[in-house]
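Comments concern the structure below.
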Amino acid sequence: MSQESPKEFEIVREFEVDVPPEQVWDAVVHASGAYLWPMDPPEPRVGGAGPFGSTVTAWDPPHRYTNRSEHTGMPTQSANQLDYTIEPRDEGRRAWVRYVHSGIFTDDWNNQYDGASKHTNFYLHTLCEYLTHFAPRPVTFAQVDGPAASATQQALAAVAHALGLPDDAAAGTKTGVRGPGGRTLDAVVDYRNPYFLGLRTEGALIRFFGRGHWGAPLGISVHDFTPDADAEATGTAWQTWLNGVFGQA
């Protein structure tokens, strides 16, 4: 099969959240591990170094931040730009956010765009969950990937079954789920569709990524806001649990 020609993409989302713009700014710039994954904060100036080799192209705290990279290091993407516009609402008590992710996909454009678009919805939802329920508490981040057997479109349903989550447990449902070591976790289902599942406990956001829809293994990330959280222990526990769901020793 011949490689597709490079093609630009743009993903635009707008939302409001019940926190001041300064809290959104702090989360985006300094607390990415609370909703995405940990990244070094950007240099606070235009032309400064941004995450993953990017360059800061807009810097106006707490209203505008943009970074861009022309060399992403990924074979399917040759340019990447993230742009955040944050404006006050209700005399600064709330914030309106416009997020634009753009760049160039070099191959498998439809699949790459579909995955990026759906992941964006989940990540921004997680940002709002963090801002609403946990900010500005510090986070301990853990992330694990399932075995090759989890790279299927049915993997997320298998995980939900292993958690003991009823099929009709939609977003907003309070329930107990079976976590690592057989421990019951009291949780709220804060996000659920055929691609992703989000659980919110008293001290953490637990996210399940059904990436089998895009040919990759299922992933789990844990954003833990409890003071004594241990990233290594959390990752090991969920990795063992996930391997067990898919019959891996």
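Computed from a predicted model, the values in this text were never measured in an experiment.
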When rounded to the nearest 0.5 Å, the distance separating CD of Q239 from CD1 of I220 is 8.0 Å
**OP:** Check whether the side chains of H101 and N80 place a donor and an acceptor atom closer than 3.5 Å, and report yes or no.
**Re:** yes
Ring center gap for H125 and F15 short of 6.0 angstrom: no
- Item | Backbone N/O of H161 and side chain of R178: donor-acceptor pair under 3.5 Å | yes
Applying salt bridge (charged side-chain N to carboxylate O under 4.0 Å, His left out) to R64 and not counting sequence neighbours gives D83
CD (E129) and CZ (R200) are apart, to the nearest 0.5 Å, by 5.0 Å
Test your reading of the model: is there a side-chain donor-acceptor pair from W109 to the backbone of K7, 3.5 Å cut-off? yes
Using modelled atom types and a 3.5 Å cut-off, is there a donor and acceptor pairing between side-chain atoms of S117 and backbone atoms of Y113? no
In this structure, OG1 of T132 is separated from CG of D18 (nearest 0.5 Å) by 6.5 Å
Rounding to 0.5 Å, atoms CD (Q81) and CD (E8) come to a distance of 10.5 Å
* Check: P51 main-chain N/O paired with S54 side-chain donor or acceptor under 3.5 Å -> yes
Separation between CD1 (I86) and NE2 (H63), nearest 0.5 Å, reads 9.0 Å
For R137, the salt bridge (charged side-chain N to carboxylate O under 4.0 Å, His left out) test, sequence neighbours excluded, returns none
Requested in this report: For the residue pair F134 and F225, categorise the inter-ring angle as parallel (less than 30°), tilted (30 to 60°) or perpendicular (more than 60°).
Outcome: parallel
inquiry  = Grouping I, L, V, M, F, W and Y whenever their side-chain heavy atoms are under 4.5 Å apart, do L82 and V28 come out in a common cluster?
reply    = yes
Next on the checklist: Just checking W214 against F209, ring centres under 6.0 Å apart?
Outcome noted: no
Item to check | T106 side chain to P75 backbone, donor-acceptor under 3.5 Å | outcome: yes
Hydrophobic clustering (ILVMFWY, side-chain heavy atoms < 4.5 Å, transitive) - are L199 and Y130 grouped together? no
Is the shortest heavy-atom distance from the side chain of D145 to the side chain of L242 under 4.5 Å? no
Applied to residues 221-247, the salt bridge (Lys or Arg N to Asp or Glu O under 4.0 Å) test, sequence neighbours excluded, yields none
In terms of hydrophobic clusters joined by side-chain contacts under 4.5 Å, are L127 and M39 together? yes
Sequence neighbours excluded, the answer for side-chain contact (heavy atoms from CB on, under 4.5 Å) partners of M74 is T72, Q77
**Asked** Is it true that atom CD of E202 has more than 12 heavy atoms of other residues, nucleotides or ligands lying nearer than 6.0 Å?
**Response** no
Exercise for the section: Measure from the side-chain N and O atoms of H213 to the backbone N and O of P194, and report whether any donor-acceptor pair falls under 3.5 Å. Expected result: yes
Worksheet item: Under the side chain to side chain contact (heavy atoms under 4.5 Å, CB included) criterion, do W241 and L163 qualify, and how do the steps go?
Response: CA-CA 10 Å; W241 182 90; L163 289 166; 3.6 Å; yes
- Item | Audit row: F105, N110, side chain to side chain contact (heavy atoms under 4.5 Å, CB included) steps and yes/no | CA-CA 9 Å; F105 287 137; N110 288 332; over 6 Å; no
Distance col, row Y191:OH vs N121:CG, nearest 0.5 angstrom, shows 5.0 Å
Exercise for the section: Following the transitive rule for hydrophobic clusters with a side-chain heavy-atom cut-off under 4.5 Å over Ile, Leu, Val, Met, Phe, Trp and Tyr, establish whether V245 and L156 coincide in one cluster. Expected result: yes
Students should find that the hydrophobic cluster of W96, defined by side-chain heavy atoms under 4.5 Å apart, otherwise consists of none
### Message
Determine whether the aromatic ring centres of residues F122 and Y195 are separated by less than 6.0 angstrom.
### Response
no
So the salt bridge (Lys or Arg N to Asp or Glu O under 4.0 Å) pairs with at least one residue in residues 180-196 (sequence neighbours excluded) are D190-R207
